[in-house]
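Reviewing the structure listed below.
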Amino acid sequence: MNTNIYDFAAIEKKWQDKWKNEETFKVSSKSQAKKYYLLEMFPYPSGRIHMGHVRNYSIGDVVARFKRMQGYNVLHPMGWDAFGLPAENAAIKHSTHPAKWTYENIDYMKKQLQGMGLSYDWSREIATCRPEYYKWEQLFFIKLYEKGLVYPKVTTVNWCETCQTVLANEQVIDGCCWRCDESVLPREMNGWFFKITDYTEELLAECDNLKGWPEKVLTMQRNWIGKSTGAEIDFIVDGFDKKLTIFTTRPDTIYGATFMSIAPDHKYIHELCQGTGREKEITAFAEKTRIEKQRQNPEDELAKEGVFTGRYAVNPFTGDKLPIYAANFVLAEYGTGAVMAVPAHDQRDFEFARQYDLPVKVVIQPAGETLDGKTMTTAYEEAGTLVNSGEFSTLPSDTAKIKITEQAREQGFGKQQTTYRLRDWGISRQRYWGAPIPMIYCQKCGVQPVPEKDLPVTLPPDVTIEKSGKSPLHDLASFHATTCPRCGGPGRRETDTMDTFVESSWYYARYACPGYTEGPLDKQEVDYWLPVDQYIGGVEHAILHLLYARFFTKVLRDIGYLSVNEPFANLLTQGMVIKDGTKMSKSKGNVVDPDVLIKRYGADTVRLFSLFAAPPERDLEWSDQGVEGAYRFLNRVYRFVHDNMETLTRSANVLPETLNSPSRELHRKTHQTISKVGSDIDGKFHFNTAISAVMELTNTLYTLTGENVPEKPRTEIIKEAVEAIIQLLSPMVPHFCEEIWQRLGHATDLSHSPWPSFDPEAIKEDFITLVVQINGKVRSKLQVAADCDEDTVKEKTLADDKVQKFIDGKTIRKMIIVNNKLVNIVVS
RNA sequence: GCGAGAGUGGCGGAAUUGGCAGACGCACUAGACUUAGGAUCUAGCGCACUUCGUGUGUGGGGGUUCAAGUCCCCCCUCUCGCACCA
């Protein structure tokens with residue numbers, strides 16, 4: 001290795017080989033040190049890592065290395081979220097097998113990650129597509145089924161005829177399949193559901209305890225859960241034997257109901273209009289609405305539209321007959337699928353009423369204003385005082401809510417009710433490349449779980465993915481033909497596979513015991529390592545993955561596999577990497593390839609820049625010139641060490657008793673930097689300011705040792721500064737620092753040597769520059785001894801020439817002295 | 001529409017509890033070294049005015065204060081999330 005230049009390629013290879021051969025970052029729970037579990041979201045093995053990965057894993061690695069130097073027993077694992085549709089698409093495109101494609105990608109990406117010098121314990125690597133992994137997922141499925149937390153349901157799904165598969169909502173773009181661009185059709189299908197709704201309240205309540213999560217993510221989760229409290233009230237329908245139940249958050253407005261709206265696909269819609277002569281019209285309207293909702297651009301709201309059903313509901317409080325409309329804005333899936341319409345106090349009902357010329361009856365009056373149903377132009381939705389509401393008139397709306405609900409309950413036609421937006425999690429996928437759902441259908445016994453001893457239900461490898469995209473499992477008798485575990489008769493396996501979000505809902509726990517064969521989780525290990533102390537990933541998973549993982553943790557806790565309530569104690573959501581102001585994408589041609597950068601500058605430079613360019617939670621604008629700057633900085637440090645190698649290695653580590661002035665200055669700056677970098681990294685993740693602090697120290701070092709300075713710092717102090725720079729940078733640019741550390745004569749690796757500590761005494765400044773303001777404007781600056789007393793400051797200030805000039809002939813009204821900072825003289 | 005976050009030089013971004021706005025880096029300008037410079041070093045670099053200097057300046061407007069990027073009120077813009085949720 002030529003040490004005259006910064007030969008990053010040779011340096012990085014040397015240390016990566018060493019880390020790999022010596023398993024430097026392998027950890028075990030048998031340690032005296034306190035544990036720290038740092039996890040980054042594992043990648044989908046799509047082929048190559050992208051800049052988003054580089055950023056995510058660089059951030060994580062800094063924290064892992066920092067915590068390790070602080071003496072923690074750091075678990076820092078990596079693995080592969082390896083099931084998913086892209087593998088099937090690639091298999092079709094390249095006439096290969098999803099498994100082959102996936103494993104090849106994993107091999108390549110693993111090399112890329114190792115090439116970044118990330119400090120993973122690779123002995124814990126997981127690939128979710130391996131039977132050793134998904135076997136346990138199938139076991140969970142069965143356990144959940146036995147507990148009633150998994151159930152089958154026939155429901156409407158997004159079906160793509162061309163691709164022969166169900167699509168998740170997020171895979172439907174403007175009503176079309178993201179893959180083939182054909183229209184997606186709703187289709188009634190049987191599917192398996194996880195009963196996440198059993199955990200709604202806990203998922204919501206625990207949000208308040210997740211102090212280490214960004215408020216933004218918690219808000220998104222709360223919104224997604226969408227709790228609202230109100231009342232359910234039954235309405236009798238004239239000439240119809242069933243009651244219609246509505247849900248409302250405003251029972252206080254019930255006297256103002258002038259009609260009723262129900263979803264066009266409400267479960268009673270057909271029965272309801274039977275015999276009214278309006279059946280055809282209603283059916284046509286339901287069909288039209290369905291199609292429009294399919295086609296609808298989510299950006300714009302559908303115009304409100306409705307059709308009278310020919311029936312009337314009776315308001316239980318007033319006895320009024322309310323016409324029932326099928327309305328396109330009422331959702332069958334939310335609440336009860338029917339609403340009482342109070343146009344005076346609900347904007348949607350108001351718009352609908354005006355459109356169809358229905359009465360608007362005011363029952364809530366705001367203070368200091370009198371609303372008139374005939375003339376009002378917008379609904380009044382706030383609180384107020386009840387009017388036209390029988391015995392409840394004059395009550396404030398808050399009280400009325402309670403009283404009206406109470407009376408409905410007493411009289412048996414209503415109750416207090418809470419509704420959630422959150423739905424159960426449909427996990428069936430008509431795909432091949434996923435974990436098979438371990439259930440068997442039997443003509444005689446119905447659906448039966450696969451016995452535990454028969455797990456895993458292995459994905460058959462010998463299949464071809466056809467162009468149609470249809471899962472080969474459906475027609476593969478060797479897979480689905482089996483016997484019923486109960487009666488021994490012929491059975492057919494479930495041919496659907498699980499949503500890939502199921503794998504990622506528990507992988508973090510499996511890292512605690514990746515090789516465990518007695519069960520999914522080794523209780524001792526997971527109890528030691530969990531929860532994850534710091535989780536890091538993109539904000540795009542704010543709801544789906546993070547909610548599912550929280551749910552799974554609670555389920556696994558209740559089955560007895562885990563002891564924690566929440567999987568991730570602290571969460572950091574990093575921003576996107578963008579270029580030219582927009583997200584990197586092939587179509588925009590602004591993609592930066594990490595391989596190219598690493599080849600050109602080395603992994604350390606790429607890491608350094610991605611940490612320096614922006615704080616983690618913000619978007620990072622990629623700049624080729626910025627990368628150049630990071631490279632330049634490392635060279636600057638390298639050069640200093642190289643040019644001073646002899647002095648540095650010869651110099652003692654013991655600091656001398658007395659120091660000259662430049663020594664004191666450098667010593668102070670060194671300790672200030674140690675202090676700042678530590679506090680910037682620890683918990684704050686301000687890597688950008690940490691790096692700039694080290695740059696400042698480097699600049700100071702150059703300045704104080706420059707050719708023309710009259711007196712240089714002592715070599716011991718220079719050595720102290722250089723070693724601090726190397727130690728402080730080491731979590732960010734590990735190869736570079738290890739190499740220099742070694743050349744400086746250290747026998748122990750930096751990875752496992754302690755984080756430097758600072759001397760609080762050394763940090764203190766001898767002299768302070770005191771800013772002197774007159775009427776709030778900076779007019780002069782004074783050098784004073786630190787902690788100088790007020791009288792001395794006053795005296796010195798008034799004696800200053802510039803100050804004299806500005807206060808001459810004026811009256812001093814006030815003098816404000818802020819210790820060690822500034823003086824403000826108020827004159828008139 | 002609702003919710004969250006943000007708005008600071010040419011650019012990325014700094015600025016404890018209110019206390020020198022623009023740290024650090026990029027770009028740019030001038031100079032040095034050099035056969036050469038896309039290496040390195042030195043100096044400059046918010047804007048305006050004629051220089052020392054003075055004025056002005058953190059999306060806009062108002063306020064509190066000796067002092068506001070920071071606190072309070074109103075408005076504007078952008079990003080993200082949710083979106084007819086009854």
Side-chain angles (χ1 to χ4, degrees), chain A residues 5 214-224 226-228 230-231 246-250 253 260-261 263 293 298-304 327-331 333-342 345-349 351-352 381 419-422 539-540 542-543 573 575-576 608-609 612-615 617-630 632-633 635-636 639 679 686 688-699 702-703 706-708 769-781 813-827:
Chain A
I5 51 146
E215 201 48 48
K216 175 188 164 126
V217 175
L218 293 175
T219 307
M220 283 166 76
Q221 294 223 343
R222 289 190 188 105
N223 289 345
W224 189 263
K227 179 179 181 172
S228 57
I246 59 100
F247 173 72
T248 180
T249 56
R250 294 296 300 273
T253 63
M260 182 180 273
S261 311
K293 289 215 168 166
E299 300 284 294
D300 38 50
E301 218 166 80
L302 215 56
K304 286 187 182 46
N328 64 350
F329 63 89
V330 180
L331 309 170
E333 325 81 74
Y334 184 78
T336 59
V339 290
M340 64 172 193
V342 185
H345 307 293
D346 182 285
Q347 187 58 27
R348 293 157 303 179
D349 296 342
E351 285 168 29
F352 193 85
E381 297 185 326
T419 312
Y420 301 92
R421 217 181 73 115
L422 183 71
V539 74
E540 65 273 17
I543 294 173
T573 49
M576 286 187 304
L608 185 69
F609 176 72
F612 178 63
E617 53 298 338
R618 256 200 257 186
D619 284 352
L620 184 155
E621 170 76 34
W622 195 263
S623 150
D624 293 339
Q625 285 159 330
V627 178
E628 196 84 41
R632 205 157 16 197
F633 169 66
N635 274 290
R636 207 162 133 80
R639 220 178 305 122
S679 69
H686 290 178
N688 54 335
T689 49
I691 293 165
S692 80
V694 181
M695 286 173 167
E696 281 187 55
L697 176 57
T698 308
N699 292 345
Y702 267 100
T703 308
E707 277 181 20
N708 298 323
T769 306
L770 211 56
V771 173
V772 182
Q773 296 181 332
I774 289 155
N775 284 348
K777 287 184 176 161
V778 182
R779 296 300 183 191
S780 182
K781 286 174 188 182
R813 305 205 87 91
K814 214 175 186 180
M815 214 166 151
I816 293 127
I817 298 171
V818 182
N819 222 8
N820 290 342
K821 267 189 186 143
L822 89 156
V823 182
N824 191 7
I825 306 170
V826 187
V827 298

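Only heavy atoms go into these numbers, but all of them, side chains included; no hydrogens, no water, no symmetry mates. Every chain is numbered from 1 and lettered A, B, ... according to where its sequence line falls, protein lines coming before strand lines.
- Looking at the side chain of A:Val330, the nearest of the listed nucleotides B:C24, B:C20, B:A86 is B:A86.
- Distance from the side chain of A:Val818 is smallest for B:G19 among the nucleotides B:G19, B:C84, B:C24.
- Glycosidic conformation at B:G9 (O4'-C1'-N9-C4 for purines, O4'-C1'-N1-C2 for pyrimidines): syn, within 90° of 0.
- For the C1' atoms, the distance linking B:C85 with B:C2 amounts to 12 Å, nearest Å.
- The partner of B:A68, taking Watson-Crick or G-U wobble pairs whose two distances both stay under 3.5 Å, does not exist in any strand shown.
- Atom C1' of nucleotide B:C26 and atom CZ of A:Phe609 are separated by 9 Å, given to the nearest angstrom.
- A:Arg222 has no side-chain polar atom (N or O) that falls below the 4.0 Å cut-off from OP1 or OP2 of B:C82.
- The environment of A:Arg222 atom CZ is dense: over 12 non-hydrogen atoms of other residues, nucleotides or ligands sit within 6.0 angstrom.
- Contact annotation: the side chain of A:Met340 approaches that of A:Thr248 to within less than 4.5 Å [non-hydrogen atoms, C-beta and beyond].
- Annotation: of the two residues near RNA chain B, A:Val539 and A:Gly629, the 5′-most nearest-nucleotide partner is A:Gly629.
- Atom pair A:Gln347:CD and B:C2:C1' shows a separation of 14 Å (rounding to whole Å applied).
- One N or O donor and one acceptor, one from the side chain of A:Lys304 and one from the base of B:C84, sit under 3.5 Å apart.
- Going from atom NZ of A:Lys821 over to atom P of B:A15 covers 14 Å, rounded to whole Å.
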Protein heavy-atom contacts under 4.0 Å, written 5' to 3' over nucleotides 3-13 of chain B as B (base), S (sugar-phosphate only) or - (none), form the string SS-------BS
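- The side chain of A:Arg348 has B:C85 as its nearest neighbour among B:C85, B:C24, B:A27.
- Nearer the 5' end of RNA chain B, as judged by each residue's closest nucleotide, is the contact made by A:His686, out of A:His686 and A:Lys781.
- Remark: P of B:A83 and CG of A:Asn328 are 17 Å apart, rounded to the nearest angstrom.
- When each of B:G55, B:G19, B:C24 is scored by its nearest atom to the side-chain atoms of A:Ser692, the top-ranked nucleotide is B:C24.
- For A:Asn820 and B:G19, the shortest distance from a side-chain N or O to OP1 or OP2 is not below 4.0 Å.
- Listed for the A:Asn824 side chain is no donor-acceptor partner under 3.5 Å among the backbone atoms of A:Ile816.
- Distance noted for atom C1' between B:G25 and B:C75: 35 Å (whole Å).
- No contact: A:Asp349 has no heavy atom under 4.0 Å from any strand.
- Rounded to the nearest Å, the gap between the C1' atom of B:U64 and that of B:G18 is 12 Å.
- Aromatic ring centres of A:Phe329 and A:Phe352 lie closer together than 6.0 Å.
- Here B:A23 sits opposite no nucleotide as a Watson-Crick or G-U wobble pair (both hydrogen-bonding atom distances under 3.5 Å).
- Considering only side-chain N and O atoms, A:Arg779 lies nowhere under 4.0 angstrom from the phosphate OP1 or OP2 of B:C20.
- Nucleic acid contact class of A:Arg636 (heavy atoms, under 4.0 Å, all strands): sugar-phosphate only.
- Proximity of A:Leu770 to A:Lys781: side-chain heavy atoms (C-beta onward) are nowhere separated by under 4.5 Å.
- Shown here, B:U35 forms no base pair; nothing in the strands shown gives a Watson-Crick or G-U wobble contact with both key distances under 3.5 Å.
- In this structure B:U16 sits in no base pair that meets the Watson-Crick or G-U test at under 3.5 Å.
- At least one cation-pi condition fails for A:Arg421 and A:Tyr334: the charged atom is not both under 6.0 angstrom from the six-membered ring centre and inside a 45 degree cone around its axis.
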Give me, pair by pair, the N or O atoms of the protein and of nucleotides 63-70 of chain B that are less than 3.5 Å apart, along with how far apart they are.
| from | atom 1 | to | atom 2 | distance (Å) |
| --- | --- | --- | --- | --- |
| B:C66 | OP1 | A:Lys814 | NZ | 3.3 |
| B:C66 | O2' | A:Asn824 | ND2 | 3.2 |
| B:C66 | O2 | A:Asn824 | ND2 | 2.6 |

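- Close to B:C26, at under 4.0 Å from its OP1 or OP2, lies a side-chain N or O of A:Arg632.
- Nucleotide B:A4 forms a pair with B:U79, judged by Watson-Crick or G-U wobble geometry with both contacts under 3.5 Å.
- Base pairing of B:G46 is made with B:U56, judged by Watson-Crick or G-U wobble geometry with both donor-acceptor distances under 3.5 Å.
- Heavy atoms of A:Lys777 sit under 4.0 angstrom from primed sugar atoms or phosphate atoms, though from no base atom.
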